[in-house]
Visitor: 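The structure is given below, and queries will be raised subsequently.
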Amino acid sequence: MSRRLLSRLSIASAALVLATQAQAVEILHWDRKPLPVDLPVGTERVIVLDRNVRVGLPPEIADSETLRVQSAGGAIYLKADKPFDTQRVRLQDVETNEVVLFDLTAMETGASDEEIQVVFPEDDHVDSETASSSDSQEQDEGSSTSANTPVPVVLTRYAAQSLYAPTRTIEPVQGVNRVAMRLPESLPSLLPALPVSATPVAAWKLDGWTVTAVKLSNRDPSRAFELDPRWLQGDLFSATFMHPTLGRRGSVRDTTTVFIVTDGVSLAQAVPLSATAAEDHSDHADAGGDS
């Protein structure tokens, strides 16, 4: 790992202080009709409501061996460990007592793991009234922020907001582009000292700098770990963890995201890919995939 990583860590950490707010890939509009959601078995799916809610499960799926449910920061995190037929789930706003209904179905194949953003009627009304004025203001503020902030901080903040904030709250950054990662599905050589799965999520580029978001999941059911950027392998400029620790597998904190900034090269060029991973990525690319 590059020695520059430690000297730049405070810069990258500042980015998440500014950005701690998963991109709304699928939009569902609540109009008092149950919202259908398919869950891929074995993979977590996030539903963002921007409200603190209580979750009511029917008895058929109200056990952790069937469905793991976590609620935090206006979002719920759902992971089905076995398939089940459609079940009605009740979410209640803890402040207003408003109820939102979901019809959940867990499937072995065919279900997306994209994040869901739920839009409420009042959100549509507010957005339509303020769109023109807020767009102009955000563009001015975004340009000012970018001009006075180091690019690695701007990129890390933008990446964190893109993945963990409602779309309408993402600060615009002139010149930033999402780019293809050209990485295998797993990066075992990124953090070889820990029993951790590292999965590339997305990458963005600005002025020769690239930030890549990588999901880290603990594979060890008996140990939790402090996360230290010095354990990362590669020629990296900075690395910022969303959380300082990684909990035991199956716990609430068994997964986090690290935002890795590289200077002049992509993460694929900065990290020593194992022979197996490189071979798998080559086969994937030959088949027409684009990681």
Visitor: List in chain and number order the residues that pass salt bridge (charged side-chain N to carboxylate O under 4.0 Å, His left out) with Asp63, two or more places apart in sequence or in another chain; answer none if no residue qualifies.
Guide: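 Testing Asp63 for salt bridge (charged side-chain N to carboxylate O under 4.0 Å, His left out), a comparison that skips the adjacent residues, returns none.
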Visitor: Give a yes or no on whether a salt bridge exists between Arg249 and Asp254, defined as a side-chain N under 4.0 angstrom from a carboxylate O.
Guide: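 Salt bridge between Arg249 and Asp254, a charged N being under 4.0 Å from a carboxylate O: no.
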Visitor: Is Glu108 salt-bridged to Lys82, going by a charged N under 4.0 Å from an acidic O?
Guide: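 Result for this pair is no, no salt bridge flagged.
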Visitor: So which heavy atom on Trp204 is nearest to which on Ser162, and how close?
Guide: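 Shortest heavy-atom separation between Trp204 and Ser162 comes out as CZ2-CB, 3.7 Å.
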Visitor: Any chance you could measure Asp263, atom CG, to Thr210, atom OG1, to the nearest 0.5 Å?
Guide: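 Answer for the CG-OG1 pair, Asp263 versus Thr210, is 9.0 Å.
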Visitor: Just wondering, do Leu227 and Thr256 contact through their side chains at under 4.5 Å, heavy atoms?
Guide: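 Yes, close enough: below the 4.5 Å cut-off.
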Visitor: Rounded to the nearest 0.5 Å, what separates atom OG in Ser238 from atom CZ in Phe259?
Guide: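 Ser238 OG to Phe259 CZ: 11.5 Å, rounded to 0.5 Å.
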Visitor: Determine yes or no for a side-chain-to-main-chain donor-acceptor pair under 3.5 angstrom, with Arg45 supplying the side chain and Ser112 the backbone.
Guide: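 Yes.
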Visitor: Using distance alone, with no hydrogens and no angle criterion, decide if Thr105 and Thr86 have a side-chain donor and acceptor under 3.5 Å apart.
Guide: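 Distance-only check passes for Thr105 and Thr86.
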Visitor: What distance separates Gln174 CD from Leu206 CG, expressed to the nearest 0.5 Å?
Guide: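 So the CD of Gln174 and the CG of Leu206 are separated by 9.5 Å.
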Visitor: When rounded to the nearest 0.5 angstrom, what distance separates CG in Asp85 from CG in Asp103?
Guide: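 CG of Asp103 is found 12.0 Å from CG of Asp85.
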Visitor: With sequence neighbours left out, what residues match Asp38 under salt bridge (charged side-chain N to carboxylate O under 4.0 Å, His left out)?
Guide: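 Once residues adjacent in sequence are excluded, Asp38 has no partner under the salt bridge (charged side-chain N to carboxylate O under 4.0 Å, His left out) criterion.
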Visitor: Scan residues 198-224 for pairs that pass salt bridge (charged side-chain N to carboxylate O under 4.0 Å, His left out), counting only residues two or more places apart or in two chains.
Guide: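 As it turns out, the salt bridge (charged side-chain N to carboxylate O under 4.0 Å, His left out) pairs with a partner in residues 198-224, which skip direct neighbours, are Asp220-Arg223.
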Visitor: Between Glu98 and Arg51, is the closest basic N to carboxylate O distance under 4.0 Å?
Guide: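 A salt bridge links Arg51 with Glu98.
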